[in-house]
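Residues: numbered from 1 along the sequence shown. Quantities reported herein were computed from a predicted structural model and do not represent experimental measurements.
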Amino acid sequence: MTARFTQQGALLLGAALVAWIVTVERMSGMDMGPGTDLGGLGWFVGIWVTMMAAMMLPSVAPMVLLFDRVAGEQAKRDRPVVPTWIFVSTYLAVWAVYGLGAYGLYRGIRALDVGFLDWRRGGHYVAGAALAAAGLYELTPLKEMCLRHCRSPMHFVLGGWRPGLRGAIRMGLEHGAYCVGCCWGLMVILFALGVMSLFWMGVVAALIFAQKVLPYGNRLTRPFALLFVAAGIWLAAAPSTFPGLTEPGKMPNQMRTTP
């Protein structure tokens with residue numbers, strides 16, 4: 001069992017690494033900051049699912065490994081067993097739906113051609129407000145409930161185990177829904193600062209991992225709330241000084257040189 005557990009962990013982290021490599025290769029040089037064009041629907045769905053695999057597999061690893069362990073125990077008792085990849089695929093499908101919703105919202109806003117959203121007019125205020133809203137969400141009961149679920153895979157698996165194919169799919173959907181409930185605000189930050197930014201993708205992935213996996217990660221909600229609200233105010237007030245930001249029409253801050 002220990003060897004199987006170690007093997008599954010290595011496969012999971014290997015899949016995350018491959019997803020990061022593919023993402024870096026496909027997104028390198030594409031960061032145009034807030035409002036970056038998301039491209040065609042097919043291309044976006046492909047890169048979005050790859051991004052979610054890269055960002056979320058490390059933080060969902062405890063849940064996946066526990067699922068695999070319980071499935072192995074079920075197999076020893078000659079009970080219906082479904083491969084772990086079914087659970088993982090269903091989980092990622094939930095994030096794909098989130099991405100489709102974000103894509104639809106983006107296309108709808110672009111179709112309206114609202115001049116106020118131009119970066120030089122009010123775009124930076126909108127982006128700043130999105131960061132602040134993500135910060136305030138950290139303090140809500142819904143965030144607390146979803147984070148508690150994500151940090152307690154043992155309770156979810158042992159208390160809500162469902163056998164067979166339908167059971168694995170349902171468990172993947174449920175866990176994915178809780179995960180979206182926990183992390184959708186952090187993904188809003190990614191969209192607000194540049195969804196094609198490898199830098200911000202890495203930052204958001206690290207924040208998610210810290211909150212969901214590290215000891216006492218549940219205590220990070222208040223610090224995160226303060227950080228995001230402060231960052232939102234900074235972005236709205238002085239976007240040109242915001243670290244790591246690629247302003248639309250400009251080079252990234254870290255690439256500028258002082259004359």
Kindly assign one of parallel, tilted or perpendicular to the pair [X] and [Y], based on the angle between their ring planes and the thresholds 30° and 60°.
{"X": "Phe191", "Y": "Tyr98", "answer": "tilted"}
{"X": "Phe44", "Y": "Trp48", "answer": "parallel"}
{"X": "Phe224", "Y": "Phe228", "answer": "tilted"}

When rounded to the nearest 0.5 angstrom, what is the spacing between [atom1] in [X] and [atom2] in [Y]?
{"X": "Leu207", "Y": "Leu220", "atom1": "CG", "atom2": "CG", "value": "9.0 Å"}
{"X": "Ile208", "Y": "Cys182", "atom1": "CD1", "atom2": "SG", "value": "8.0 Å"}
{"X": "Asp118", "Y": "His124", "atom1": "CG", "atom2": "NE2", "value": "10.5 Å"}
{"X": "Leu66", "Y": "Ser152", "atom1": "CG", "atom2": "OG", "value": "11.0 Å"}
{"X": "Ile47", "Y": "Met52", "atom1": "CD1", "atom2": "CE", "value": "10.0 Å"}
{"X": "Trp95", "Y": "Leu100", "atom1": "CH2", "atom2": "CG", "value": "13.0 Å"}

Any donor-acceptor N/O pair, [X] side chain to [Y] backbone, under 3.5 Å:
{"X": "Thr140", "Y": "Tyr137", "value": "yes"}
{"X": "Ser28", "Y": "Glu25", "value": "no"}
{"X": "Arg148", "Y": "Asn218", "value": "no"}
{"X": "Trp20", "Y": "Ala54", "value": "yes"}
{"X": "Tyr91", "Y": "His175", "value": "no"}
{"X": "Thr36", "Y": "Gly33", "value": "yes"}

Under a 4.5 Å cut-off applied to non-hydrogen side-chain atoms, are [X] and [Y] in contact?
{"X": "Pro243", "Y": "Trp234", "answer": "yes"}
{"X": "Thr221", "Y": "Lys143", "answer": "yes"}
{"X": "Val203", "Y": "Ile189", "answer": "no"}
{"X": "Leu226", "Y": "Glu138", "answer": "no"}
{"X": "Val195", "Y": "Asp31", "answer": "no"}
{"X": "Thr23", "Y": "Met201", "answer": "yes"}
{"X": "Met32", "Y": "Glu247", "answer": "no"}
{"X": "Val64", "Y": "Thr84", "answer": "yes"}

Closest heavy-atom pair and its distance - [X], [Y]:
{"X": "Pro34", "Y": "Thr246", "value": "CD-O, 3.3 Å"}
{"X": "Leu214", "Y": "Arg151", "value": "O-NH1, 2.9 Å"}
{"X": "Phe242", "Y": "Ala231", "value": "CE1-O, 3.4 Å"}
{"X": "Trp119", "Y": "Ala127", "value": "CZ3-CB, 4.0 Å"}
{"X": "Arg107", "Y": "Gly39", "value": "NH2-O, 2.6 Å"}
{"X": "Val213", "Y": "Ser59", "value": "CG2-O, 3.5 Å"}

Passing candidate, side-chain contact (heavy atoms from CB on, under 4.5 Å) with Leu131, options Leu193, Ile233, Val229, Leu227:
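For Leu131, the side-chain contact (heavy atoms from CB on, under 4.5 Å) check succeeds only for Leu193.
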Let me check something: do [X] and [Y] share a hydrophobic cluster, defined by ILVMFWY side-chain heavy atoms less than 4.5 Å apart, either directly or through other members?
{"X": "Met30", "Y": "Val22", "result": "no"}
{"X": "Met56", "Y": "Val49", "result": "yes"}
{"X": "Val188", "Y": "Leu139", "result": "no"}
{"X": "Met55", "Y": "Val97", "result": "no"}
{"X": "Val45", "Y": "Met196", "result": "yes"}

Within a reach of under 6.0 Å around [atom1] of [X], are more than 12 heavy atoms found that belong to other residues, nucleotides or ligands?
{"X": "Tyr178", "atom1": "OH", "value": "no"}
{"X": "Trp85", "atom1": "CH2", "value": "no"}
{"X": "Tyr125", "atom1": "OH", "value": "no"}
{"X": "Arg166", "atom1": "CZ", "value": "no"}
{"X": "Arg26", "atom1": "CZ", "value": "yes"}

Intermediate values then yes/no, side chain to side chain contact (heavy atoms under 4.5 Å, CB included), Val180 and Met187
CA-CA 9 Å; Val180 169; Met187 292 301 174; over 6 Å; no
Set out, in order, the CA-CA distance, both residues' side-chain angles and the distance that settles side chain to side chain contact (heavy atoms under 4.5 Å, CB included) for Met63 and Cys179, then state yes or no.
CA-CA 11 Å; Met63 176 66 200; Cys179 190; over 6 Å; no
Please determine whether side chain to side chain contact (heavy atoms under 4.5 Å, CB included) holds for the pair Asp37 and Tyr106, giving the CA-CA distance in whole Å, both sets of side-chain angles, and the decisive distance to 0.1 Å.
CA-CA 9 Å; Asp37 186 15; Tyr106 167 82; 3.3 Å; yes
